[in-house]
Amino acid sequence: MNAKTILLRAGQYLLLTVLYLVCFMLGGLLRGDTSALGKTPADQQWMLFPALILVSLVDAGMVMLVVRRSLWRGWRLMLGVAVSLYGVMTFMSQIEVIWFGPSMGVPASIIPGLFLSSLPIAFVFVPLAVWVLGSARPWNCVDKAARGAYARLQMPALQWVWKLAVIAVAYLIFYFGFGFVVAWQNPALRDLYGNGANQAVFDWWRLIPFQLLRGVLWALFALPVIAMDRGGAWKTAIVVGLWLALPMNIAHAIPNPIIPDTTVRLSHFVETSTSNFLFGMLITGLVLWRPRHKPQAALPDPVR
């Protein structure tokens, strides 16, 4: 990579960070009235802007990584990344807010705004990022490589069933394992969730099926990135692990009235980013692994 290319990538990254920040602020307008939650602690107000810059840098970098490594182009790439990003960043986190909100004092009236607030990031920022990175127009030689990417997802239905079942159970183990060993050891976190006293939220017979379902949903939202990434199994696994770990969890850096305690946000970040990274690698390995077949070779890298 020569100096000209390095400067180009750095300029693109800076521009994407600014665009992300603008789209994040636009999303704040869709969030609506959140006064029912109270206010961010006064002693953390100074952290808001630096934290927002950090979130913008990380999320813009993740989108840039996925787009630059993608075999897809144009509208297919825009839609695939947008849906996957919205899923892993917003949908998966907000359904947990719905579930655990009653034990945290989160009013149901703010939930729709939480789902709406990231729409500009997914469906405005992502298409802009694809355009800025020069991936909006098709390659002349991409057809064969793109078919190879789709072949990653072509498996018999029974194979999909047992793999998704393994993925769901594995997520349950990661979720409760890291949740207990990392997050639940923080007394402030236990206090936030009422020490698990709300049985409408912490009833095992309801919570376990919910988390099994979330394991399957994580896999489904990861599939576009698995399909489009041009790398071999290990490189793709690392990308997917980061994709599941960072866009959702880096938001814990931002002070907020839902989780006002800094140590609680840090505990959640360490817990979920670590478990999601490992889980993302597991998802990728299972999807790309073919029983009784030779290991899949790395997909070709089309010339840009």
Step-by-step side-chain contact (heavy atoms from CB on, under 4.5 Å) determination, K163 to V287: CA-CA 7 Å; K163 286 188 176 185; V287 170; 5.7 Å; no
Evaluation steps, side-chain contact (heavy atoms from CB on, under 4.5 Å), between V169 and I173: CA-CA 6 Å; V169 173; I173 295 171; 4.2 Å; yes
Audit row: L133, L16, side-chain contact (heavy atoms from CB on, under 4.5 Å) steps and yes/no: CA-CA 9 Å; L133 295 171; L16 292 181; 4.1 Å; yes
Candidate pair W72 and V81, rule side-chain contact (heavy atoms from CB on, under 4.5 Å), full reasoning: CA-CA 10 Å; W72 296 1; V81 176; over 6 Å; no
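Between V88 and M248, the closest side-chain pair of non-hydrogen atoms is not below 4.5 Å. Side-chain contact between I121 and Y86 is absent, with no heavy atoms from C-beta onward closer than 4.5 Å. Taking 4.5 Å as the limit, some side-chain heavy atom of L153 sits within range of a side-chain heavy atom of W160. Residues V240 and D229 are not in side-chain contact: their nearest non-hydrogen atoms beyond the backbone lie 4.5 Å or more apart. Side-chain contact between L213 and Y171 is absent, with no heavy atoms from C-beta onward closer than 4.5 Å. Using a 4.5 Å cut-off on side-chain heavy atoms (C-beta onward), P255 and L48 make contact.
Looking at residues two or more places apart in sequence or on another chain, you find a side-chain contact (heavy atoms from CB on, under 4.5 Å) between P41 and D43, Q44, P260. With sequence neighbours left out, the salt bridge (charged side-chain N to carboxylate O under 4.0 Å, His left out) criterion links R265 to no other residue. For M25, the side-chain contact (heavy atoms from CB on, under 4.5 Å) partners two or more places apart in sequence, or in a different chain, are L21, L52. Remark: H252 pairs with H268 by the ring pair (Phe, Tyr, Trp, His ring centres under 6.0 Å) rule, at least two apart or across chains. By the side-chain contact (heavy atoms from CB on, under 4.5 Å) test, A168 pairs with L212, V216, sequence neighbours left out. Qualifying side-chain contact (heavy atoms from CB on, under 4.5 Å) partners for P102, counting only residues two or more places apart in sequence or in other chains: N198, V201. Residues satisfying the side-chain hydrogen bond (donor to acceptor under 3.5 Å, both in side chains) test with S84, not counting sequence neighbours, are W243.
Sequence neighbours left out, not one pair with a member in residues 234-243 passes salt bridge (charged side-chain N to carboxylate O under 4.0 Å, His left out). The ring-ring contact (aromatic ring centres under 6.0 Å, His included) contacts involving residues 96-130 comprise Y20-F125, W99-F210, F100-Y193, F100-F202, where partners must be two or more places apart or lie in separate chains.
Linking ILVMFWY side-chain heavy atoms closer than 4.5 Å, directly or via other members, places L128 and L14 in two distinct hydrophobic clusters. No single ILVMFWY cluster, assembled from side-chain heavy atoms under 4.5 Å apart, contains both M64 and V22. Hydrophobic cluster membership is shared by V58 and I53, with clusters built from Ile, Leu, Val, Met, Phe, Trp and Tyr side chains linked at under 4.5 angstrom. Clustering ILVMFWY residues whenever any of their side-chain heavy atoms sit less than 4.5 angstrom apart, transitively, puts L217 in the very cluster that holds W162. Placement of V18 and V126 in two distinct hydrophobic clusters is found when ILVMFWY residues are connected by side-chain heavy-atom separations under 4.5 Å, directly or transitively.
The CD1 atom of I283 lies 8.0 Å from the CG atom of L223; values are rounded to the nearest 0.5 Å. How far CG of L114 is from CZ of R31: 7.0 Å, rounded to the nearest 0.5 Å. Note that CG of L266 is 10.0 Å distant from CG of D261, once rounded to the nearest 0.5 Å. Separating the CG atom in N195 from the CG atom in L189 is a distance of 10.0 Å, to the nearest 0.5 Å. The structure places OG1 of T236 at 6.0 Å from CZ of R69, a figure rounded to the nearest 0.5 Å. Separation of atoms CG (L26) and OG (S117) is listed at 11.5 Å; rounding is to 0.5 Å.
Taking every heavy atom of both residues into account, A251 and V55 meet most closely at CA-CG2, 4.2 Å. Closest heavy-atom contact between P224 and L220: CD-O, 3.5 Å. A pairwise comparison of heavy atoms in P112 and S109 identifies CD-O, 3.6 Å as the closest pair. Nearest heavy atoms, D59 versus P247: OD1-CA, 3.3 Å. Taking every heavy atom of both residues into account, T284 and A233 meet most closely at CG2-O, 4.2 Å. When all heavy atoms are compared, the tightest approach of A222 to L244 is CB-CD1, 4.0 Å.
The hydrophobic cluster around M47 extends to W46, counting ILVMFWY residues whose side-chain heavy atoms fall within less than 4.5 Å of a member.
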Identify every side-chain donor-acceptor pair in residues 177-188 under 3.5 Å, counting partners at least two apart or on other chains, and give the distances.
residue, atom, partner, partner atom, Å
Q185, NE2, F180, O, 2.7
N186, OD1, A188, N, 2.9
N186, ND2, T263, O, 3.2
N186, ND2, T263, OG1, 3.4
N186, ND2, S267, OG, 2.9

Donor-acceptor list for residues 90-97 side chains, cut-off 3.5 Å, not counting sequence neighbours:
residue, atom, partner, partner atom, Å
T90, OG1, S118, OG, 2.4
S93, OG, M89, O, 3.1
S93, OG, T90, O, 2.9
E96, OE2, Y175, OH, 2.7
E96, OE2, Q211, NE2, 3.1
E96, OE2, R214, NH1, 3.4

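Classified by interplanar angle (parallel below 30°, tilted 30° to 60°, perpendicular above 60°), the ring pair F279/F174 is perpendicular.
A donor-acceptor pair is defined here as one N or O able to donate and one able to accept, closer than 3.5 Å; such a pair exists between the side chain of R73 and the backbone of R137. No donor-acceptor pair under 3.5 Å is formed between the side chain of S70 and the backbone N or O of V66.
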